[in-house]
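Structure first, commentary second.
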There are 2 protein chains.
Amino acid sequence: MASPETIPVSDAPLDSRAEATRRRVLDVAARLFRERGYAGVSLRAIAAAAGLKAGSLYYHFDSKEALVVEILDEGIRAVHEAVEQAVSALPADADGATLLETAIRAHLESLLRLSDYTSANVRVFGQAPEPVRRRSLAVRRAYDACWDALLAEAQARGAIRADADLRAARLLLLGALNASLEWFEPRRGGVEALAARYADLLWHGLAPRPAAA
Amino acid sequence: MASPETIPVSDAPLDSRAEATRRRVLDVAARLFRERGYAGVSLRAIAAAAGLKAGSLYYHFDSKEALVVEILDEGIRAVHEAVEQAVSALPADADGATLLETAIRAHLESLLRLSDYTSANVRVFGQAPEPVRRRSLAVRRAYDACWDALLAEAQARGAIRADADLRAARLLLLGALNASLEWFEPRRGGVEALAARYADLLWHGLAPRPAAA
DNA sequence: AATTCTGCCTAACGTTCGTTAGATGGCAAG
DNA sequence: CTTGCCATCTAACGAACGTTAGGCAGAATT
């Protein structure tokens with residue numbers, strides 16, 4: 001805590017060299033975890049990719065588990081933030097379809113922009129040691145709850161049929177969106193186009209427009 | 001090859017003890033790979049779970065990589081077979097919606113029934129060593145092609161709108177279905193119910209029935 | 001100028017890894 | 001009863017693993 005007489009403005013300068021190294025380590029570790037899984041990446045490989053020696057990682061992180069927890073949480077947190085921010089930027093009276101498409105677009109855009117962190121989530125979470133999963137669960141649940149609220153709101157605004165099972169809808173929707181991490185290539189049409197196509201497919205379905213009874 | 005004078009009926013008795021052990025090893029290995037990833041599972045752990053010692057695995061498999069390739073291929077192959085079989089059992093004049101729902105049901109049912117093998121696919125393939133991925137690619141591509149043909153046929157029969165991007169549809173659909181491996185619990189409603197809900201959501205979409213212009 | 005702190009390094013620990021070679025007991029064929 | 005294969009075991013190999021302890025140079029503080 002700062003002494004009473006110091007300027008209380010900010011503690012900004014406390015990051016510098018260490019903070020940059022930390023970020024670099026997280027970035028390369030996220031990429032490696034995505035490519036080879038949790039157990040498939042050694043601390044020596046992470047250190048080497050970040051221009052360090054293995055032992056030095058312990059200056060920045062308590063353990064391999066602590067490192068991966070930070071990557072997992074960061075991935076979810078960033079996407080959660082992007083979705084919340086995009087939705088709250090909508091006019092208060094936006095219709096349900098717009099709400100839905102905005103959330104889908106924000107999820108996809110941040111998911112694919114931070115693909116190393118978010119892929120690590122999709123690929124690594126399920127096979128990480130149990131303490132890692134336990135420590136990372138709260139952040140995931142919070143994001144699920146965000147989508148449950150979002151779908152409920154869209155339904156209230158008439159964009160989702162009344163008989164839809166919202167939990168099933170959430171699982172289908174997020175499953176479909178997250179799977180794009182496995183095949184998306186920016187060259188073959190951008191995120192914008194993908195988001196538009198997916199939002200359309202998910203909202204209108206595969207059936208032809210009339211959808212005769 | 002049997003000598004000319006032996007009864008040519010069948011070569012059935014050539015499997016016995018060894019074949020049973022092989023299957024047991026594959027089963028426990030699939031479960032372990034699903035739970036801990038490729039690098040997270042040691043041959044000693046697999047052997048112990050199958051009631052063997054590590055060295056004995058080499059009597060049945062050439063290497064750890066060969067073992068996992070077999071598991072990956074088996075998972076895809078079984079689902080592929082189930083879908084082809086279910087579709088070909090339909091009357092030749094079945095409508096597109098029936099075709100679609102049948103394929104979705106067959107995929108989900110076999111996916112979740114053989115969940116250790118299929119989960120190993122979803123979770124392990126992306127982070128397996130490159131030789132493993134290369135050797136397992138053909139089987140995956142064949143299944144993708146199966147769905148491309150299936151969706152094209154459904155579109156020809158009028159169950160999918162003419163403007164739909166079939167590649168995007170396939171990726172969305174399979175992504176959504178496969179994601180169910182991560183959360184499905186048989187207690188909370190069976191596979192049948194899930195297949196019906198998912199087929200409905202994917203075909204009709206989230207939008208209310210009229211889907212006003 | 002002297003001192004403290006920061007960020008990283010070297011070296012080593014005990015353990016576990018995939019894999020191999022050779023031995024061994026049981027079961028089946030002669 | 002003997003022979004030989006079949007399925008598994010034991011023991012060991014070098015390499016790599018996560019983690020720790022202690023050292024060391026340069027920057028920051030006094």
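Residue numbering restarts at 1 for every chain, and letters A, B, ... go by the order of the sequence lines.
- Between B:Ser63 and the phosphate of C:dG18, there is no side-chain N or O to OP1/OP2 separation shorter than 4.0 Å.
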Donor-acceptor pairs under 3.5 angstrom involving side-chain atoms of residues 188-199 of chain B: please list them, not counting sequence neighbours.
unit_1: B:Glu192; atom_1: OE1; unit_2: B:Arg105; atom_2: NH1; d: 2.8
unit_1: B:Arg197; atom_1: NH1; unit_2: A:Asp165; atom_2: OD2; d: 3.4
unit_1: B:Tyr198; atom_1: OH; unit_2: A:Leu172; atom_2: N; d: 3.2

List, with names and distances, any nitrogen or oxygen atoms from the protein found under 3.5 Å away from nitrogen or oxygen atoms belonging to nucleotides 24-30 of chain D.
none

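- Scanning all heavy atoms of the two residues, the minimum distance from B:Val83 to B:Ala106 falls at CA-CB, 3.9 Å.
- Remark: C1' of C:dC8 and NE2 of A:His60 are 8 Å apart, rounded to the nearest angstrom.
- Regarding contacts with the backbone of D:dT8, every side-chain N or O of B:Tyr59 stays at 4.0 angstrom or more from both OP1 and OP2.
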N/O to N/O distances under 3.5 Å, protein versus nucleotides 10-17 of chain D:
unit_1: D:dA12; atom_1: N6; unit_2: B:Arg44; atom_2: NH2; d: 3.3
unit_1: D:dC17; atom_1: OP1; unit_2: A:Ser42; atom_2: OG; d: 3.0

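- The list of salt bridge (Lys or Arg N to Asp or Glu O under 4.0 Å) pairs with a residue in residues 110-120 of chain A, not counting sequence neighbours, reads A:Arg34-A:Asp116, A:Glu109-A:Arg113.
- Distance, A:Phe61 CZ to D:dT20 P: 16 Å, rounded to whole Å.
- Minimum atom distance to the side chain of A:Tyr58 is reached by D:dG18, of the listed C:dT20, D:dT8, D:dG18.
- Remark: A:Glu84 engages no residue in a salt bridge (Lys or Arg N to Asp or Glu O under 4.0 Å) (not counting sequence neighbours).
- Sorted by first and then second residue, the salt bridge (Lys or Arg N to Asp or Glu O under 4.0 Å) pairs with a member in residues 55-66 of chain B read B:Glu65-B:Arg135; sequence neighbours excluded.
- Sorted by first and then second residue, the ring-ring contact (aromatic ring centres under 6.0 Å, His included) pairs involving residues 23-53 of chain B (not counting sequence neighbours) are B:Phe33-B:Tyr38.
- The list of salt bridge (Lys or Arg N to Asp or Glu O under 4.0 Å) pairs with a residue in residues 177-186 of chain B, not counting sequence neighbours, reads B:Arg123-B:Glu182, B:Glu185-B:Arg187.
- Dashed line: the shortest gap from a side-chain N or O of B:Thr21 to OP1 or OP2 of D:dA7 is not under 4.0 Å.
- Taking atom CG of B:Leu52 as the reference point, atom C1' of D:dA7 lies 9 Å away to the nearest angstrom.
- Atom CD1 of A:Ile46 is separated from atom C1' of D:dG18 by 11 Å (rounded to the nearest Å).
- Applying the side-chain contact (heavy atoms from CB on, under 4.5 Å) rule to A:Ala39 yields the partners B:Ala39; only residues at least two apart in sequence or on another chain are considered.
- Expressed to the nearest 0.5 Å, how far CG of B:Leu52 lies from CZ of B:Arg44 amounts to 13.5 Å.
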